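Here the structure comes first, spelled out in structure tokens, and everything after it is commentary.
Numbers for residues simply follow the sequence, beginning at 1. Given the structure is predicted, the values throughout are model-derived calculations rather than measurements.
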Amino acid sequence: MNISENQGEENHNENLDKGFTVKEVASFIDETPNVIRNWFKELRQYIPHEKSDKGNGYNIYKREGIERFKEIQALHREQNWSMKQIEHYFATGGESFKPEPEKKAGEMIAEELKAMREELAALRGENQEIKIHLENQENFNKALVEQLQKFERGSVDRDDQLTKAIKEAKEQKKLIAAANENQDINPDKQQKGFFSRLFGK
């Protein structure tokens with residue numbers, strides 16, 4: 001290793017000790033800033049960090065923090081561990097791996113049955129509301145039919161009375177017309193008849 005290589009490594013180590021921002025960490029380990037932020041959000045207590053002394057409130061990450069990000073990257077990208085598994089791994093000091101719990105067939109069936117029961121209960125509630133609505137509608141329809149029938153009966157009675165009055169009026173007109181016609185045909189006879197009845201002749 002020549003002098004220039006030694007100087008480059010020393011500068012790199014000095015930069016790590018000065019601290020990296022999120023963007024710098026992302027660039028250094030070949031991830032996006034959003035990934036770094038998400039990892040930090042999920043595993044904050046296990047990632048060494050400090051606040052920037054510039055007063056801007058940004059987190060900075062020195063050597064230990066960057067090494068932890070590299071470890072997270074290896075576990076998550078290469079071994080496909082979830083954040084929960086990595087969290088458990090760090091919480092136990094790297095001594096325990098916690099696989100994701102797999103649901104047994106009985107548990108899955110129980111959950112499906114529970115969901116079906118809840119859905120059935122909701123449907124029963126809706127059916128009850130529909131039943132009440134239909135009963136109310138049926139009662140309303142019955143009352144409406146009764147009112148219409150009363151109205152129709154009253155209309156029929158009025159129509160019958162009007163028809164009867166018209167019929168009687170027509171009969172009266174016919175009688176008057178017949179009487180007038182008889183008088184026009186034989187006025188002497190009608191007059192004699194009247195006087196005969198009057199004087200008894």
Glu87 and Thr92: CA distance, side-chain angles, deciding distance, side chain to side chain contact (heavy atoms under 4.5 Å, CB included) verdict: CA-CA 9 Å; Glu87 181 181 11; Thr92 58; over 6 Å; no
What distance do [X] atom [atom1] and [Y] atom [atom2] have between them, rounded to the nearest 0.5 Å?
| X | Y | atom1 | atom2 | result |
| --- | --- | --- | --- | --- |
| Ile86 | Trp39 | CD1 | CH2 | 7.5 Å |
| Glu64 | Phe69 | CD | CZ | 13.0 Å |
| Leu134 | Asn141 | CG | CG | 10.0 Å |
| Leu144 | Asn139 | CG | CG | 12.5 Å |
| Phe90 | Arg68 | CZ | CZ | 4.5 Å |
| Ile60 | Glu24 | CD1 | CD | 9.5 Å |

Cluster overlap Phe20 with Tyr46, hydrophobic side-chain contacts below 4.5 Å: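 Yes; Tyr46 is reachable from Phe20 via cluster members.
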NZ (Lys51) with more than 12 external heavy atoms under 6.0 Å: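 Result for NZ/Lys51: enclosed.
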Are any non-hydrogen side-chain atoms of [X] and [Y] less than 4.5 angstrom apart?
| X | Y | answer |
| --- | --- | --- |
| Gln73 | Glu78 | no |
| Leu75 | Tyr89 | yes |
| Leu43 | Met83 | yes |

Residue list, side chain to side chain donor-acceptor pair (under 3.5 Å) with Thr32, at least two apart or on another chain: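 In terms of side chain to side chain donor-acceptor pair (under 3.5 Å), with neighbours along the sequence ignored, Thr32 is linked to no residue.
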Worked check of side chain to side chain contact (heavy atoms under 4.5 Å, CB included) between Glu50 and Asn59: CA-CA 6 Å; Glu50 299 175 11; Asn59 292 322; over 6 Å; no
Where Pro33 and Ala26 come nearest, the two heavy atoms and their spacing: N-CB, 3.6 Å
Salt-bridge criterion met for Lys84 and Glu42 (N-O under 4.0 Å):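 Result for this pair is no, no salt bridge flagged.
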Pairs where residues 162-180 contributes a residue and the test salt bridge (Lys or Arg N to Asp or Glu O under 4.0 Å) is met, not counting sequence neighbours: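 Residue pairs with at least one partner in residues 162-180: there are none.
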Side chain to side chain contact (heavy atoms under 4.5 Å, CB included) against Lys70, all qualifying residues, sequence neighbours excluded: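 By the side chain to side chain contact (heavy atoms under 4.5 Å, CB included) rule, Lys70 matches Phe28, Ile29, Ile66, Glu67.
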CA sep, side-chain torsions, deciding dist, call: Ile72, Ile47, side chain to side chain contact (heavy atoms under 4.5 Å, CB included): CA-CA 10 Å; Ile72 294 169; Ile47 301 174; 3.7 Å; yes
Between Arg37 and Asn34, a side-chain donor and acceptor under 3.5 Å: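 Judged by distance alone, the side chains do pair up.
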Parallel, tilted or perpendicular, as decided by the 30° and 60° cut-offs, for the rings of Phe40 and Tyr61: perpendicular
Side chain to side chain contact (heavy atoms under 4.5 Å, CB included) between His76 and Gln85, intermediate numbers included: CA-CA 9 Å; His76 186 59; Gln85 290 173 320; over 6 Å; no
